[in-house]
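Worksheet: the structure to be examined is printed underneath.
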Amino acid sequence: MLAPSLLLLLASCQNGEAPPPAATSSGGGGDLAAVMAERGLTEDDVLAAAKTYAPSGKLDDYVIFASGGHGGNIIVIGVPSMRILKYISVFGPEPWQGYGYGGLSDDVLYTQGAQGGKEISWGDVHHPNLSETAGDYDGNFLFVNDKANARVAVVDLKDMMTKQIVANPLVMSDHGGAFVTPNTDYVVETSQYAAPLGNEYATIDKYQTDYRGAAVFWKFDKTKGRIDEAASWAVELPPYAQDLADAGKLGSDGFVYINSWDTEMSAGSEGKGKPFMESGASQNDMDYLHIIDWKKGEALVAAGKTKVIKGMRVIPLDVAAAEHVLTFVGEPKSPHGCDVTPDGSAVVVGGKLDTHTTLYDTAKMKDLIAKGQFTGKDPYGVDILDFQSAIRGQKEIGLGPLHTVYDDKGYAYTSVFLDSTVVKWNYKNLDEPTESLGVQYNIGHITAAEGDTVSPDGHYVVAMNKMSQDRFTNMGPLLPQNFQLIDTSGPTMKVIADMPIGLGEPHYAQMIKADKLHTITAYTPPGINPYTDQKSEFAVASGEERIVRNGKKVDVYMSVIRSHFTPDNIEVNQGDEVTIHLTSLEQALDQTHGFAVDMYNINVSMEPGKYEEITFKADRAGVFPFYCTEFCSALHLEMMGYLLVKPEGA
Ligand code: CUK
Ligand code: CUA
């Protein structure tokens, strides 16, 4: 039975009036107790509902930017309601946003995003990271990596559009990325599977001599909001399968930490009696946490101590080792996760085949490197720190600790894959007992409110579970993942909402306070090219619309406003090259139009004030309606026109 106080609270919340004395009718389908009985809800269920339910029009306190995995997108989710607010297309075409269907976004997706000249239309997004100022999310940009094709994308949060993709010229896959340094001077992308740098060829028996990893420091130009490829550089790494990475902060600012899991340099079997990667890479008791002194690296680059590979300046491995831009310290079995604490004093590393997390002390490591106290070298001449001297301690967590996030009270929350738990522990007092909460099931990453900043907010943690088995109505053999919202504000952790993720396999996510976002509602003045943030020279005002023919080149200057395109008839000859310059003259909130040309695979979204540009060859003759794809007004269906392509020789 529900506590009377809770009933009263719920009743008063629902109608905004003073609670009635006894009976608690909430109107509609009966009273609360009856609904609870009918649906089999417990008091805990109702309390969880009250903590997460968003009445129509009520906004969320936090926003999550979750990776979409090999869906290639970003999923934006409100907290605590766990409502999907938006998808942001990044590495794959998506028609609703008009992304990759003939407009300006084609340049980002297919030209900038090409790898070695090959057009790619998907990506594997793992780690979204928000831009930071002084170690705090500033709400300006979001960076994501593409594990499959070694790319990094820049999303502008003012309009939540992907504005740039940079293709890594050195490595063939990435993983540790796209992490930022505390002032977003650099977006860091580190390799995963080793290969010869710069897309060279070498047989697999040359794995140790010719295969390499790399940590790329993409220079971010905060004024332009773009990565400056020419000002970026890299550090060459041994072929150790680098994994996750994180940037130091406060006292450890200037360092980047990367874990690795194949110091055995097991390069697979190929039927030659060698073990498969999964066991070959698990022989050693210790792999190496990579400690990169990027400020020293930056100075070496400025001093020209680099080689150039495919146009990128690279600090060679021997130089990085000799100058201690790169130093190692051992890390226990099959490491995963690499998460710097909010105070910057430690790095927490999990282990897929371990039961502990290891807490590395960033000040001790810095000190040992400065004093030159090493216990040995790896085969590439990289100095190794003594494990026991470098750590603050280890914490027994459970089977397969992966990732760790933090709250405002000195607690760490570690995802434990094999146990399917979230374990809360005090990283400042390792003697304090842990608290464990079961999640459904097999949690991968975990995220916390403002969790990667120097000042986390606490209250919310989200478990990003790989499996959902019995949680949702069966959707066939491909199941959604399951996000579970956990309330950490009380004496014990509680799961208060489940959310199926039906598009993509999220890895990491970050959660920002909603009021830190500075989103726009329209491009002002009309005619702004979202990729330059400037008014396009080809934008038109009302009355300036026209069609200009120049031999086989046709330029259409078109305006878009409720409920017509001007001009609405475009006559061209088969074989003409046509460019349609579209200007939305709208400024009103939510007055989005679309522009789609039937049979031509052309489809763009025209948000208020936006400029778009579509160039295509009119190679198919015929009569092709074009129309507005958004139901924008009562006369939306009438918002159409014709592209008439006169057949050759007609
Ligand atoms: S990885 Cu996916 S669960 Cu790519 Cu960050 Cu650990
Ligand atoms: Cu414009 Cu429909």
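Order of appearance sets the numbers: ligands from 1, and atoms from 1 within every ligand. For this chain, numbers begin at 1 and follow the sequence in order.
Between His403 and His445, the ring planes lie parallel to each other; the angle is under 30°, not in the 30° to 60° tilted range. Between His127 and Tyr508, the angle of the ring planes lies from 30° to 60°, which puts this pair in the tilted group. Classification of the Trp425-Tyr427 ring pair by plane angle, with boundaries at 30° and 60°, yields perpendicular.
Within 6.0 Å of CG on Asp590 lie no more than 12 heavy atoms contributed by other residues, nucleotides or ligands.
Judged purely by atom type and a 3.5 angstrom limit, His336 has no side-chain atom pairing as donor or acceptor with the backbone of Ser334.
Those atoms of ligand 1 with a heavy atom of His336 less than 4.0 angstrom away are 1 (S), 6 (Cu).
A donor-acceptor pair shorter than 3.5 Å can be found between the side chains of Asp287 and Thr263.
Looking at Asp146 and Arg151, a side-chain N of the basic residue comes within less than 4.0 Å of a carboxylate O on the acidic one, giving a salt bridge. Between Lys466 and Glu505, at least one side-chain nitrogen of the basic residue sits less than 4.0 Å from a carboxylate oxygen of the acidic one, meeting the salt-bridge criterion.
Lys424 forms no cation-pi arrangement with Tyr413, by the criterion of a distance under 6.0 Å to the ring centre and an angle within 45° of the ring axis.
Taking 2.8 Å as the limit, the number of protein N, O or S atoms around atom 1 (Cu) of ligand 2 is 4.
Of the options Phe220, Phe143, Trp218, a side chain to side chain contact (heavy atoms under 4.5 Å, CB included) to Val180 is made by Phe143 and by none of the others.
Distances under 2.8 Å from atom 4 (Cu) of ligand 1 pick out the protein N/O/S atoms His126 ND1, His175 NE2.
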